[in-house]
> 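Below: one structure in structure tokens.
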Amino acid sequence: MAAPESGDGNNGAARMVTLISSDNTRFEVEAAAASLSQTLQLTILDGGGGGGDGIPLPNVDSATLSKVLEYCIKHAPAAANGGAPNATAVDRAELERFDNEFVNIDQSVLYSLIMAAHNLEIEGLQSLVAKKVADMIKGKSPMEIRRTLGFPDPTPEEQAEMNAHMLEYGWAYE
Amino acid sequence: MTSLARDADLISALPDVLLHQILGHLQAREPVQMCVLGRRWRNLWKSLPVLRVTGADSVESVQEFMDHLLLLRDRSELDACMFEFGTYGDADVTYVNLWIRHALWCQVRELAVAVVCNSRMVNELELDDLPIVSQYLTKLDLRGLILDQMFLDFSSCPALKNLSMSNCNIYGSKISSCGPLRHGPTTLIPGGGPFCCAHFVSPPPLLDQVRRRKSAKRRPRKESVKMASGADRLSALPDDLLHHVLSFPRTRCCGPPCSLAAGAIFRKSAPALRVTGDKDCTNSVWFLDFVDYLLLLRDPEARLDSFNLDLDDSEFSFTPLFPDFESHVTLWFRRALLLKAQSLSLRTTPGLYKNDMEGYRPLPLPDVPILSRHLRRLDLEPQFISEWYVYFLYLILFLFVMPLHSL
């Protein structure tokens with residue numbers, strides 16, 4: 001594998017680990033970034049993922065994994081500072097800007113991302129995507145939500161069922 | 001269009017825990033409305049661990065919604081519960097207090113209650129002066145409230161780590177906590193805004209570390225309410241016996257409902273509930289509150305043998321309760337069914353529904369089938385039968401375990 005290209009400054013060369021996606025693509029990342037995942041952190045602490053072995057991730061495809069790693073690499077320095085109590089306001093604003101851009105993607109990618117974040121236990125990413133999806137729904141009428149989330153227009157039967165439900169749940173409407 | 005349709009399938013395929021996390025960001029109304037998206041979404045709101053009621057201005061505008069939501073949702077545990085209101089009426093105070101107690105009863109971990117106002121004058125809402133008892137509460141955020149001495153005793157909240165109060169009027173000399181609050185006195189903001197600190201009684205609040213174990217050694221903890229010696233002996237009876245004794249008197253409806261929350265812990269598990277009018281009850285609105293409290297604060301695991309609602313008009317006038325009353329009755333019965341009631345009964349004086357309004361007026365029951373595997377006895381007055389007949393048919397369809405013994 002390639003030699004680690006960036007030093008950490010503190011302890012010389014950063015340790016690298018290899019992750020293997022479901023379609024057999026290999027990704028090499030710093031252990032610190034991969035450790036944002038609680039699941040991977042345990043494996044890495046056990047000494048896994050180094051050298052030629054790699055950690056197989058059968059539930060995550062390469063497109064999703066590269067996106068996940070993009071998030072991890074960006075957030076790793078702040079996470080290493082323990083939730084960044086001494087991060088400057090500029091750093092925090094920069095991370096926020098990155099997060100906003102980061103979730104500005106197709107819905108299908110969002111859902112793969114949140115599943116991957118859930119499986120890999122990356123709490124920050126999971127709640128970032130959840131918030132994004134919630135923002136897409138917020139303040140919309142049920143029909144608008146259907147359209148936004150890509151539900152096909154209801155068939156007459158579905159429409160009848162919907163009406164029945166709106167009657168039953170009349171108390172939930174203002 | 002096809003890729004959009006695929007998106008819809010993808011989101012519906014997410015596990016409950018992720019959908020709950022998404023829905024937890026929405027106002028409590030929205031997840032309920034999303035049941036129109038299809039079967040997958042129909043029951044998600046019932047077990048949603050986050051209750052966010054912050055979008056409404058007045059308490060009154062969410063009251064009916066909250067009644068339905070709390071009584072019809074699963075009694076699943078709550079992670080977080082947020083209330084925020086701008087305005088409220090005198091009658092709303094009791095509801096807000098009930099919702100808070102209910103959230104605590106659902107083992108809520110993070111609770112926020114706020115009364116906010118755009119103008120500079122905050123009209124603080126007074127919380128019941130009762131100590132909070134919860135093993136689960138870790139974070140409590142209070143804004144724009146009136147807090148009294150007993151409420152400020154958090155020594156029965158061993159998990160509470162994070163407490164903040166702002167724009168609150170604090171009538172008390174000390175704030176007790178069970179263990180150290182994580183951020184020490186800094187999280188405790190008795191004066192966050194311009195109007196707080198105005199009503200401190202004598203010394204400003206001190207954090208008083210109460211060691212529960214020590215005090216427990218000295219004197220075993222009793223119920224928070226002091227009882228006379230005769231009552232002590234009654235309280236010492238085993239639960240079963242006490243429940244049996246207490247199934248004879250009617251479940252009283254006089255006195256403000258908060259007295260129920262404080263003292264009558266036994267009612268949380270009483271297997272027989274008999275609710276009737278009472279001539280000592282001077283305020284008919286209390287009756288609605290009372291039954292709401294009775295059902296909302298009930299232990300969901302406790303056996304409910306019977307729920308009897310006796311609307312005898314001779315001792316207590318139910319007429320002022322119309323028209324709210326009808327929807328409440330319906331809701332109480334649905335709740336009783338959710339609590340696996342084995343016997344339901346409803347009685348009224350014959351004239352009650354004929355006297356007022358235009359002639360005969362049935363209870364408008366919603367067109368939803370009653371599903372219950374537990375109901376064995378349904379006891380209704382003759383005048384209700386035509387309305388309930390449809391439901392009775394449903395009952396026969398769905399009651400495959402035990403037949404109804406009487407109607």
Side-chain angles (χ1 to χ4, degrees), chain A residues 59 64 103 105-119 121 123-155 157-174, chain B residues 1-42 45-46 50 52 55-57 61-73 327 330-331 334 366-369:
Chain A
N59 293 325
T64 310
V103 289
I105 43 177
D106 279 353
Q107 281 179 43
S108 57
V109 187
L110 280 177
Y111 305 140
S112 319
L113 263 183
I114 197 172
M115 271 311 284
H118 180 57
N119 290 329
E121 295 177 72
E123 211 182 306
L125 179 58
Q126 187 177 322
S127 60
L128 175 66
V129 179
K131 178 133 199 336
K132 167 72 181 176
V133 179
D135 285 341
M136 293 173 0
I137 301 170
K138 210 173 265 181
K140 293 196 165 116
S141 74
M143 277 313 277
E144 287 169 335
I145 293 174
R146 281 189 76 100
R147 285 194 202 105
T148 309
L149 296 183
F151 283 76
D153 283 344
T155 61
E157 294 89 61
E158 282 176 330
Q159 184 66 52
E161 211 177 322
M162 268 174 70
N163 292 345
H165 271 270
M166 285 170 88
L167 202 64
E168 180 180 351
Y169 290 102
W171 49 270
Y173 296 85
E174 284 178 87
Chain B
M1 191 60 214
T2 43
S3 84
L4 266 178
R6 204 173 63 102
D7 287 347
D9 292 339
L10 282 172
I11 191 171
S12 296
L14 292 178
D16 281 11
V17 58
L18 290 181
L19 290 178
H20 277 156
Q21 193 175 8
I22 293 169
L23 297 179
H25 288 284
L26 304 175
Q27 290 297 323
R29 268 180 210 277
E30 295 177 296
V32 188
Q33 294 173 1
M34 285 176 72
C35 60
V36 302
L37 292 186
R39 284 177 199 283
R40 174 77 183 91
W41 300 81
R42 206 151 288 165
W45 65 273
K46 290 189 182 169
V50 179
R52 188 184 295 269
D57 179 52
S61 66
V62 293
Q63 195 219 305
E64 190 198 352
F65 167 74
M66 288 297 292
D67 258 1
H68 281 82
L69 182 81
L70 296 185
L71 284 170
L72 297 178
R73 77 186 284 275
S327 62
T330 312
L331 193 56
R334 288 174 73 181
D367 194 9
V368 212

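Here is the naming used below: chain letters follow the sequence lines, and residue numbers restart at 1 for every chain. Side-chain atoms are counted along with the backbone in the values below, which use heavy atoms only and exclude waters and symmetry mates. Model, not experiment: these values are computed from the prediction.
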> Report which part of A/E161 has an atom under 4.5 Å of a heavy atom belonging to chain B: side chain, backbone, both, or neither.
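The side chain, not the backbone.
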> Within a strict 4.5 Å, meaning less than it, do heavy atoms of the A/M166 and B/V36 side chains meet?
yes
> Counting only heavy atoms closer than 4.5 Å, note whether B/L69 contacts chain A via side chain, backbone, both or neither.
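B/L69 touches chain A through backbone and side-chain heavy atoms alike.
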> Going by an N to O cut-off under 4.0 Å, is there a salt bridge joining A/E168 and B/R42?
no
> Test side-chain contact (heavy atoms from CB on, under 4.5 Å) on A/M115 and B/L18 and set out the steps.
CA-CA 8 Å; A/M115 271 311 284; B/L18 290 181; 3.6 Å; yes
> Partners of B/F65 by ring-ring contact (aromatic ring centres under 6.0 Å, His included), sequence neighbours excluded?
A/W171
> Treating B/E30 as the side-chain partner and A/K138 as the backbone partner, does any N or O pair qualify as donor plus acceptor under 3.5 Å?
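Flag not set: sc B/E30 to bb A/K138 has no pair under 3.5 Å.
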> As an exercise, state the distance from NE2 of B/H25 to CE of A/M136, rounded to the nearest 0.5 Å.
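Interatomic distance, B/H25 NE2 to A/M136 CE, rounded to 0.5 Å: 12.5 Å.
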> Which heavy atom in A/F151 sits nearest to a heavy atom in B/I11, and how many Å separate them?
CE1-CG2, 4.4 Å
> For chain B, which candidate among A/A117, A/A130, A/S141 shows the most heavy-atom pairs at distances under 4.5 Å?
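Between A/A117, A/A130, A/S141, the count favours A/A130.
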> For B/D7 and A/Y111, which heavy atoms make the closest approach, and how far apart are they?
O-CE1, 3.4 Å
> Is there side-chain contact between B/Q33 and A/I145, with at least one heavy-atom pair below 4.5 Å?
no
> Going from CD1 on B/I22 to CD1 on A/I114, what distance comes out if it is rounded to the nearest 0.5 angstrom?
4.5 Å
> Closest heavy-atom contact between A/G150 and B/A8?
O-CB, 3.3 Å
> Please state whether the side chain, the backbone, both or neither of A/K140 comes within less than 4.5 Å of a heavy atom of chain B.
backbone
> Among A/P154, A/S112, A/G139, A/A164, which has the most heavy-atom pairs under 4.5 Å with chain B?
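Between A/P154, A/S112, A/G139, A/A164, the count favours A/G139.
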> At a 4.5 Å cut-off on heavy atoms, which part of B/V62 comes close to chain A: side chain, backbone, both, or neither?
neither
> Report which part of B/S61 has an atom under 4.5 Å of a heavy atom belonging to chain A: side chain, backbone, both, or neither.
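No part of B/S61 comes within 4.5 Å of chain A.
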> Please classify the contact of A/Y169 with chain B as side chain, backbone, both or neither, using a heavy-atom distance under 4.5 Å.
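Contact with chain B is through the side chain of A/Y169 alone.
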> Contact part of A/S127 toward chain B, heavy-atom cut-off under 4.5 Å: side chain, backbone, both or neither?
both
> Mind checking the NE2-CE spacing from A/H165 to B/M34? Nearest 0.5 Å is all I need.
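Here the rounded value is 14.5 Å.
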> Kindly compute the distance separating CG (B/L26) from CG (A/D135), expressed to the nearest 0.5 Å.
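If I round to the nearest 0.5 Å, the distance is 8.5 Å.
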> Can you tell me if A/E123 has over 12 outside heavy atoms packed within less than 6.0 Å of its CD?
no
> I'd like to verify something: which residue of B/D67, B/L37, B/V32 has the highest number of heavy-atom pairs under 4.5 Å with chain A?
B/L37
